[in-house]
Amino acid sequence: MLGLVLCVPALAKKKGGGGGDKPDDSSGTTVSSVDAASNKVTLSVQGPPSDDGKPAEKKDIVYTVELGATIKVNGNLATLNDVHEGQKVTNYTEGDEGVLVELDVEN
């Protein structure tokens, strides 16, 4: 018997701050740079604290922001020009690897 497999790329939904609806103030994801001309944003992602008491690792990830991506600043629709370094990321959705289709930030 032959089986037909349908592969649909899944959207990876990620929350800033390691889970829950809102990140806490001690860790989370922030905007570390924005290049609106190139449709790129760098997010600084704070990892969870380690079990041995070492500080959580932070890594910067560069994303291309898809044309037509949903961008919100403080809950209001916005453009990439309205996103600035240091803003807290409350939600982001990655379509293909390295491509954001949704970005929500707050001051």
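Keep in mind the model is a prediction, meaning the values are calculated, not measured.
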Mind checking what makes side chain to side chain donor-acceptor pair (under 3.5 Å) contact with Lys58, not counting sequence neighbours?
none

Output for pair (Glu102 CD, Thr70 OG1), nearest 0.5 Å, gives 6.0 Å

Between Ala69 and Leu100, the two heavy atoms sitting closest are CB-O, 3.9 Å

For Val99 and Tyr63 the tightest heavy-atom approach is N-CD2, 4.1 Å

Please list, chain by chain and in numerical order, all residues satisfying side chain to side chain contact (heavy atoms under 4.5 Å, CB included) with Thr79, sequence neighbours excluded.
Asn81, Asp82

Nearest heavy-atom pair of Leu80 and Lys40: which atoms, and what distance?
CD2-N, 4.1 Å

Restricting to side chain to side chain contact (heavy atoms under 4.5 Å, CB included), what partner residues turn up for Asp51, sequence neighbours left out?
none

Backbone of Ala56 reached by a side-chain donor or acceptor of Gln46 within 3.5 Å
yes

Ile61 and Thr42: side-chain contact (heavy atoms from CB on, under 4.5 Å), yes or no, with the steps?
CA-CA 5 Å; Ile61 305 171; Thr42 303; over 6 Å; no

Less than 4.5 Å apart, any side-chain heavy atom of Val105 and any of Lys72?
no

Judged by atom type as modelled, is there a donor-acceptor pair below 3.5 Å linking the side chain of Asn107 to the main-chain atoms of Asn74?
no

Between CG on residue Leu43 and CD on residue Glu94, distance to nearest 0.5 Å
9.5 Å

Nearest heavy-atom pair of Val83 and Val34: which atoms, and what distance?
O-CG2, 3.5 Å

Side chains of Ser44 and Ser32: donor-acceptor distance under 3.5 Å anywhere?
no

Are Leu103 and Val89 close enough, and set up right, to give a side-chain contact (heavy atoms from CB on, under 4.5 Å), and what steps lead you there?
CA-CA 7 Å; Leu103 177 63; Val89 177; 4.1 Å; yes

Rounded to the nearest 0.5 Å, how far apart are CG of Asn39 and CG of Leu67?
5.0 Å

One should read off an interatomic distance between Gln87 CD and Asp104 CG, to the nearest 0.5 angstrom, of 11.5 Å

Applying the side-chain contact (heavy atoms from CB on, under 4.5 Å) test to Ile71, which of Leu77, Val41, Val65 qualifies?
Val65

